[in-house]
Amino acid sequence: MTGQVVTRFAPSPTGFLHIGGARTALFNWLYARGRGGKFLLRIEDTDRERSTPEATQAILDGMAWLGLDHDGEVVSQFEGAARHAEVAHELLSQGKAYKCFATQDEIATFREQARAEGKSTLYQSPWRDADPASHPDAPFVVRIKAPREGTTVIRDQVQGDVTIRNDQLDDMVLLRSDGTPVYMLAVVVDDHDMGVTHVIRGDDHLNNAARQMTIYEAMGWDVPVWAHIPLIHGPDGKKLSKRHGALGAQEYQAMGYPAAGMRNYLARLGWSHGDDEYFTDAQAKDWFDLDGIGKSPARFDTKKLENICGQHIAVSDDAALLQEITEYLVAANEPALSDAKTVLLRDGMYCLKDRAKTFPELIVKAAFILSDRPLVPDEKAAKNLDLVSRGILKELTPQLQNASWSRDGLEAVTNDFAEANELKFGKMAGPLRAALSGRAMTPSVFDMMLVLGRDETIARLTDAAAYNAESDPG
RNA sequence: GGCCCGUUCGUCUAUCGGUUAGGACGCCAGGUUUUCAACCUGGAAAGACGAGUUCGAUUCUCGUACGGGCUACCA
């Protein structure tokens, strides 16, 4: 197969962008982007009962967050209904499909009985070879004439060759009795019309592929390359569901995971490139291939997600990080940052980003920037502001006041002070931390002083020296 | 019920007949340190089970068990 690679992601707009769907989209995106191909987006909204515009928007938003940009317009499958029906009628006129007048009740009855007798529940319509002259004037569905002899082989790039006996295939419905096309027809027609060359989708469609191939064959169309990927499971190995926690891609945004880390983690879930665990988008695009996809379902592991995200945050560009944090705040329904805080946060980013796995974690560490005087120490910090500690601060403050405001200068002053008072530096760190941030978990005290500046630092130290720990435990 | 797919440390995975079965996350221990974290070093930890094929199976075949999917006038 030569020519440009065209992949697509085709979600049903019945809810948010599922995290499993996000991974499917990512695989398609990676495959196309790594090969100079196209990545298309089609909304499968033929089920009018369950499809909503809100869900479509949620999917678009989720993809935008993950940075999965698609080529061309978003295609609405429903809008192609006339074309789908046209194909069904073409098949009908060629005798490759037929009108079936069996009612749903008849079929249901047949299936119940077949099941009770332990026989195949595949419905074989008596109308398949009926003489048109015998057709009643009644509603009918259009069914394809599926082959009944031989086998159908799905040459799947992930699952290998999967052989299905044709006697397991039913004459599936193409057009409902109201004339509307069903999904199974619509996907095939759309994929063909859109020039899709590689279909990468969940393995819940593996069996469907065999049915869909009968349509491709009836129309004389080329079958795309199939790649049916295993679904993602929850930590307990069961199908990922609501009780496992977050399912929607955007919930992960609201929890403060960076998009780059999410892409890396999701790509690594079920796909591998040797022992590579942490990689950039450019590497992923370069490396991603169908034969690196595993055949067994993978479980979602938050711990590893966090670890990968931490690595991405650590190497992120400060300005880009600030931008993403701003967007996170909106997604998480947190108050926005003031301009002044934004500037400080940008200046302090260098000492915050190397230790945070998620944005909320980064924000906790940024408490020294985000809180204003007078600081209210939390319980742990308050313990570091006892009488002795306050005494240390009281004496140290004037010396810092005159220090040269650089990392070396500050270190020199504190070290001299420690030596002169026969203190271990550790003794001073706790109180300084508490005084500067009101917290026990912070970046280095020198980094905080540098970011805060001389005036604010001295003011905070003075506040803390006067803090009454006994009457206000925090 | 029928058909299809899957099964390597707790988790994600490497291995493409011959390895002390490797890496990562997590976990445990020690070190360092400015508490926590981070960081460094070390450690425990795996081929579902049973038959075959083979000089040799994690790797190939079959069976069993377990998990998953499909079996709609849903997608």
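Each chain gets a letter, A, B and so on, in the order the sequences are listed, and its residues count up from 1.
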### Query
Distance check: side-chain N/O of Lys304(A) vs OP1/OP2 of C12(B), anything under 4.0 Å?
no
### Task
Can you figure out which of G23(B), U13(B), C74(B) approaches the side chain of Ala298(A) most closely?
U13(B)
### Query
Just checking Ser272(A): base, sugar-phosphate only, or nothing, at a heavy-atom cut-off of under 4.0 Å?
sugar-phosphate
### Message
So Arg143(A), base contact, sugar-phosphate only, or nothing? Heavy-atom distance under 4.0 Å.
### Response
sugar-phosphate
### Task
Give one of base, sugar-phosphate or nothing for Met184(A), where a contact means two heavy atoms less than 4.0 Å apart.
base
### Query
Hey, which of these two, Arg299(A) or Lys303(A), hits RNA chain B nearer its 5' end, going by closest nucleotide?
Arg299(A)
### Query
For the ring pair Phe288(A) and Trp271(A), is the centre-to-centre distance below 6.0 Å?
yes
### Message
Applying a 4.0 Å non-hydrogen cut-off, can you work out what Thr163(A) is touching in the nucleic acid: base, sugar-phosphate, or nothing?
### Response
sugar-phosphate
### Query
Do other residues, nucleotides or ligands put more than 12 heavy atoms under 6.0 Å from the CD atom of Gln113(A)?
no
### Query
If you look at every strand shown and take non-hydrogen atoms under 4.0 Å, does Val141(A) touch a base, only sugar-phosphate, or nothing?
base
### Task
Could you tell me whether the side chains of Ser389(A) and Asn384(A) share a donor-acceptor contact shorter than 3.5 Å?
no
### Query
Choosing from C3(B), G23(B), C12(B), which nucleotide comes nearest the side chain of Asp275(A)?
G23(B)
### Query
Taking atom C1' in both U8(B) and C4(B), what distance in whole Å separates the two?
23 Å
### Task
Among G6(B), A38(B), U71(B), find the nucleotide with the atom closest to the side chain of Lys295(A).
G6(B)
#### Entry: Distance-only polar pair, side chains of Ser406(A) and Asp408(A), donor-acceptor under 3.5 Å
no
#### Entry: Watson-Crick/G-U partner (both atom distances under 3.5 Å) of G63(B)
C49(B)
### Task
Quote, to the nearest angstrom, the C1' distance that separates C49(B) from G31(B).
44 Å
### Task
Take Phe446(A) and Arg23(A), find for each the nucleotide of RNA chain B with the closest heavy atom, and name the residue whose nucleotide sits nearer the 5' end.
Arg23(A)
#### Entry: Among C4(B), C73(B), U7(B), the nucleotide that comes nearest once only the side chain of Ile164(A) is considered
C4(B)
### Task
Look only at the side chain of Arg50(A) and the backbone of Thr14(A), and say whether a donor-acceptor pair between them is shorter than 3.5 Å.
no
#### Entry: Inter-nucleotide C1' distance (C62(B), C55(B)), Å rounded
22 Å
#### Entry: C73(B) OP1/OP2 closer than 4.0 Å to side-chain N/O of Arg111(A)
yes
### A14(B) to U59(B) separation - P atoms, rounded to the nearest Å
15 Å
### For Asp447(A), the option from Lys353(A), Lys365(A), Arg355(A), Arg407(A) that meets salt bridge (charged side-chain N to carboxylate O under 4.0 Å, His left out)
Arg407(A)
### Task
Using the P atom as the reference point in each nucleotide, state the distance between C25(B) and C39(B) in Å, no decimals.
9 Å
### Query
What is the nucleic acid contact for Val182(A), judged by heavy atoms within less than 4.0 Å: base, sugar-phosphate only, or nothing?
sugar-phosphate
### Query
Any side-chain N or O of Arg355(A) less than 4.0 Å from the OP1 or OP2 oxygen of C36(B)?
no
#### Entry: Same-atom distance (C1') from A51(B) to G10(B), integer angstrom
30 Å
### Listed nucleotide nearest any side-chain atom of Asn208(A), set U35(B), C73(B), C70(B)
C70(B)
### Query
Among the nucleotides C74(B), C4(B), U13(B), which one has an atom lying closest to any side-chain atom of Arg268(A)?
U13(B)
### Task
Select base, sugar-phosphate, or nothing to describe what Thr46(A) touches, counting heavy atoms under 4.0 Å on all strands.
sugar-phosphate
### Candidate nucleotides A38(B), U71(B), G67(B), ranked by approach to the side chain of Thr121(A) - the nearest
U71(B)
### Task
Would you indicate what His228(A) reaches in the nucleic acid, counting non-hydrogen atoms under 4.0 angstrom: base, sugar-phosphate, or nothing?
nothing
### Summary
Taking U13(B), C70(B), G69(B) as options, the one with an atom nearest any side-chain atom of Arg211(A) is C70(B)
### Message
So Gly294(A), base contact, sugar-phosphate only, or nothing? Heavy-atom distance under 4.0 Å.
### Response
nothing
### Task
Please indicate whether Lys145(A) has more than 12 foreign heavy atoms, meaning atoms of other residues, nucleotides or ligands, lying under 6.0 Å from its NZ.
yes
### Summary
Rounded to whole Å, the CG-P distance (Leu305(A) to G26(B)) equals 12 Å
### Query
For Asp191(A), which of Gln212(A), Arg42(A), His198(A) qualifies under side-chain hydrogen bond (donor to acceptor under 3.5 Å, both in side chains)?
Arg42(A)
### Whole angstrom value for the distance that separates C1' of C70(B) from CZ of Arg115(A)
12 Å
### Query
Which nucleotide, G10(B), C4(B), A38(B), lies nearest any side-chain atom of Asp301(A)?
G10(B)
### Task
Pick base, sugar-phosphate or nothing for Gln104(A), based on heavy-atom distances below 4.0 Å to the nucleic acid.
base
### Query
Which part of the nucleic acid does Gly430(A) contact within heavy-atom distance under 4.0 Å: base, sugar-phosphate only, or nothing?
nothing
### Distance between P atoms of G47(B) and C9(B) (Å, rounded)
7 Å
### Query
Considering only the P atoms, how many Å lie between U53(B) and A72(B), rounded to the nearest integer?
42 Å
### Query
So what's U41(B) paired with, Watson-Crick or G-U wobble, going by both distances under 3.5 Å?
A29(B)
### Message
Counting the atoms with a prime plus P, OP1 and OP2 as sugar-phosphate, which does Ala434(A) contact under 4.0 Å by heavy atoms, base, sugar-phosphate, or nothing?
### Response
nothing
### Query
Taking N and O atoms by type only, does the side chain of Glu277(A) place a donor or acceptor under 3.5 Å from a partner on the base of G23(B)?
yes
